Enquirer: 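Let me give you the structure first, and then I'll get to my questions.
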There are 2 protein chains.
Amino acid sequence: MTPNDSLRQADVLFQALGLLEPIGAEERRALRRLGGPVVRIGEGSYVSRHGDYPAASALLIEGFLCRQRLLEEGQRQIFSLHYPGDLAGFETLRLRLLDHDIRALTDCHVSYIPHGALESLMREYPGLAAALWKSALREGAVVREWMAGIGRRPALQRLAHLICEIFVRMRVLGRTSDDRFYLPLNQTDMADILGLSLVHVNRMAGLLRRSGLIEWRHQHMSISDWPQLRDLARFDPAYLQFHRPPLLT
Amino acid sequence: MTPNDSLRQADVLFQALGLLEPIGAEERRALRRLGGPVVRIGEGSYVSRHGDYPAASALLIEGFLCRQRLLEEGQRQIFSLHYPGDLAGFETLRLRLLDHDIRALTDCHVSYIPHGALESLMREYPGLAAALWKSALREGAVVREWMAGIGRRPALQRLAHLICEIFVRMRVLGRTSDDRFYLPLNQTDMADILGLSLVHVNRMAGLLRRSGLIEWRHQHMSISDWPQLRDLARFDPAYLQFHRPPLLT
DNA sequence: CGCAGATTTGAATGCAATCAACACTGGTGG
DNA sequence: CCACCAGTGTTGATTGCATTCAAATCTGCG
């Protein structure tokens with residue numbers, strides 16, 4: 001580990017937690033002491049698997065992870081996405097058994113933080129503990145939002161909603177330029193998030209594109225008409241629980 | 001509050017937590033000190049609402065609660081069920097904003113436990129804190145299981161899976177007699193859990209009944225052929241995270 | 001060039017929704 | 001005691017959204 005690595009880890013985590021709870025300088029310094037080696041993992045590789053009892057959380061520094069489950073008939077359901085700064089698998093600190101896979105959607109930089117290190121950090125800094133728990137619980141809120149979509153919303157609205165969510169999350173991380181951002185997911189991934197078939201995602205995406213709401217090519221998406229997209233999706237970012245509202249309504 | 005009330009509260013919570021983590025006698029005594037007045041609330045009433053910032057969790061003593069969301073077009077999605085001993089809304093201790101409704105599916109007995117009381121209890125008894133967090137996180141695992149069902153499983157299997165889950169949870173609470181138990185949900189509720197229409201739930205239920213897997217009348221269900229039902233549902237109770245496996249495979 | 005992965009489009013199928021009645025239950029009040 | 005009613009459950013007929021099957025195009029890459 002270079003000192004540089006350790007800074008990057010602390011900063012990306014600080015940024016993510018800071019979006020949920022105000023965090024002070026002292027806590028920021030404490031985060032630096034977490035630093036372990038940064039590991040590069042390739043697209044498609046598994047951070048942890050269904051049935052594991054992980055002894056560490058994976059701090060995602062660069063790239064995208066997802067939580068997924070492979071069903072009996074070869075189908076896949078994706079439960080959530082992890083963005084840089086997320087501590088994937090944090091909940092196994094208490095749950096122990098992992099009931100799904102954590103898998104890299106892109107090439108990633110990850111740093112493993114042993115549960116013990118987190119425990120003592122959280123004991124010493126209740127503010128960090130609060131932010132970490134909030135982050136874990138917020139994931140639950142996102143899953144509920146997706147579940148409502150899969151259960152009750154038509155495909156077009158569902159897709160639009162997902163695009164809105166990813167856009168807002170990328171934006172608060174400073175990873176958009178104007179209305180354009182890097183979208184790591186292909187249509188198969190989208191389908192497995194939305195509980196749709198690949199073909200249908202493609203059709204709905206085409207519809208959004210032809211309606212002039214989005215552009216989407218080569219892993220890049222740009223939002224051409226945010227108000228219309230947001231209204232179509234009935235997107236309300238409250239469930240994302242940012243402690244100050246995203247700069248976008 | 002009668003001393004009896006306080007005992008009931010402590011015991012039902014002790015039972016629920018004890019299914020997740022081993023809990024000692026000292027912690028059990030500590031739970032007794034939580035006791036507040038027991039409130040009776042009627043079927044259909046709201047414990048908390050979407051947009052609230054609850055200052056307390058609701059300890060469910062008797063009856064059933066659900067978490068739900070009403071969508072724009074008058075549709076409903078139910079995200080989870082609460083059984084006696086559950087602390088509904090516990091996660092607002094950290095999340096603060098509630099992004100859904102907590103609502104009574106039946107007449108209920110509830111006791112409100114202020115967040116502050118839980119905070120100090122958890123500080124003093126780390127074992128209880130662990131169990132409470134595990135309980136909150138386990139709910140996330142259940143939601144994921146439901147989400148996989150809605151997204152990727154056919155209706156019949158989905159319904160069968162839900163029945164298996166409720167059966168096992170009632171059983172570990174000692175609320176079954178043989179293979180028979182009280183089922184508080186009507187077919188409309190089932191539909192809103194499963195992301196199906198009422199009519200289709202009815203048809204699938206009829207199918208399960210005519211296949212000799214279940215009986216279901218007048219709010220009572222009995223499992224006539226557990227092995228077949230479990231296999232049809234591909235039900236594996238691991239995600240329920242009981243610290244010892246339910247007495248049923 | 002050849003190939004694997006991703007995207008796109010068309011056609012046929014099917015699962016579940018919707019629409020529409022009807023039956024059953026328990027509770028209410030005349 | 002019975003008519004009435006609301007809530008719940010059941011069944012049939014029709015519709016439609018999304019899936020599946022199939023094939024073509026496009027892209028980046030060795």
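Here the structure is a predicted model, which means the values were calculated and not measured. Residue numbering restarts at 1 for every chain, and letters A, B, ... go by the order of the sequence lines.
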Enquirer: Identify whether any heavy atom of B:L196 sits under 4.0 Å from a base atom; if not, whether one sits that close to sugar-phosphate; answer base, sugar-phosphate or nothing.
Expert: sugar-phosphate
Enquirer: So what does B:N202 hit on the nucleic acid, given a heavy-atom distance under 4.0 Å: a base, only sugar-phosphate, or nothing?
Expert: base
Enquirer: Looking at B:Q219, I'd like to know if its CD atom is crowded, meaning that more than 12 non-hydrogen atoms belonging to other residues, nucleotides or ligands lie closer than 6.0 Å.
Expert: yes
Enquirer: To the nearest Å, give me how far apart CD1 (B:I214) and P (D:dG9) are.
Expert: 12 Å
Enquirer: Between the base of C:dG10 and the side chain of A:R203, is there a donor and acceptor pair under 3.5 angstrom?
Expert: yes
Enquirer: Map A:H218 and A:V199 onto DNA chain D by nearest heavy atom, then report which one ends up closer to the 5' terminus.
Expert: A:V199
Enquirer: As a quick check of understanding, evaluate salt bridge (charged side-chain N to carboxylate O under 4.0 Å, His left out) for B:R144 and A:E139, giving each step before the final call.
Expert: CA-CA 11 Å; B:R144 278 190 291 272; A:E139 223 190 298; 5.1 Å; no
Enquirer: Evaluate the ring planes of A:F167 and A:W226, with Trp represented by its six-membered ring, and classify them as parallel (under 30°), tilted (30 to 60°) or perpendicular (over 60°).
Expert: tilted
Enquirer: Measure CD/A:Q187 against P/D:dT25 and give the value in whole Å, please.
Expert: 18 Å
Enquirer: Could you state the CZ-P distance from B:R152 to D:dT20, rounded to the nearest angstrom?
Expert: 8 Å
Enquirer: Is the shortest side-chain N/O distance from A:Q219 to OP1 or OP2 of D:dT27 below 4.0 Å?
Expert: no
Enquirer: Could you state the CG-P distance from B:L198 to C:dA20, rounded to the nearest angstrom?
Expert: 16 Å
Enquirer: From CG of A:L185 over to C1' of C:dA6, roughly how many Å is that when rounded to an integer?
Expert: 14 Å
Enquirer: Provide, to the nearest angstrom, the distance between the NE2 atom belonging to A:H200 and the C1' atom belonging to C:dG10.
Expert: 15 Å
Enquirer: Please report, rounded to the nearest Å, how far the P atom of D:dA18 is from the CD atom of A:Q75.
Expert: 17 Å
Enquirer: Among B:R152, B:R153, B:R138, B:R158, which residue satisfies the salt bridge (charged side-chain N to carboxylate O under 4.0 Å, His left out) criterion with B:E145?
Expert: B:R153
Enquirer: Using a cut-off of less than 4.0 Å, is there contact between a side-chain N or O of A:R209 and OP1 or OP2 of C:dT8?
Expert: yes
Enquirer: Among C:dT18, C:dA16, C:dT7, which is the nearest nucleotide to the side chain of A:N186?
Expert: C:dT7
Enquirer: Answer yes or no: is there a side-chain heavy-atom contact under 4.5 Å between A:L105 and A:L81?
Expert: yes
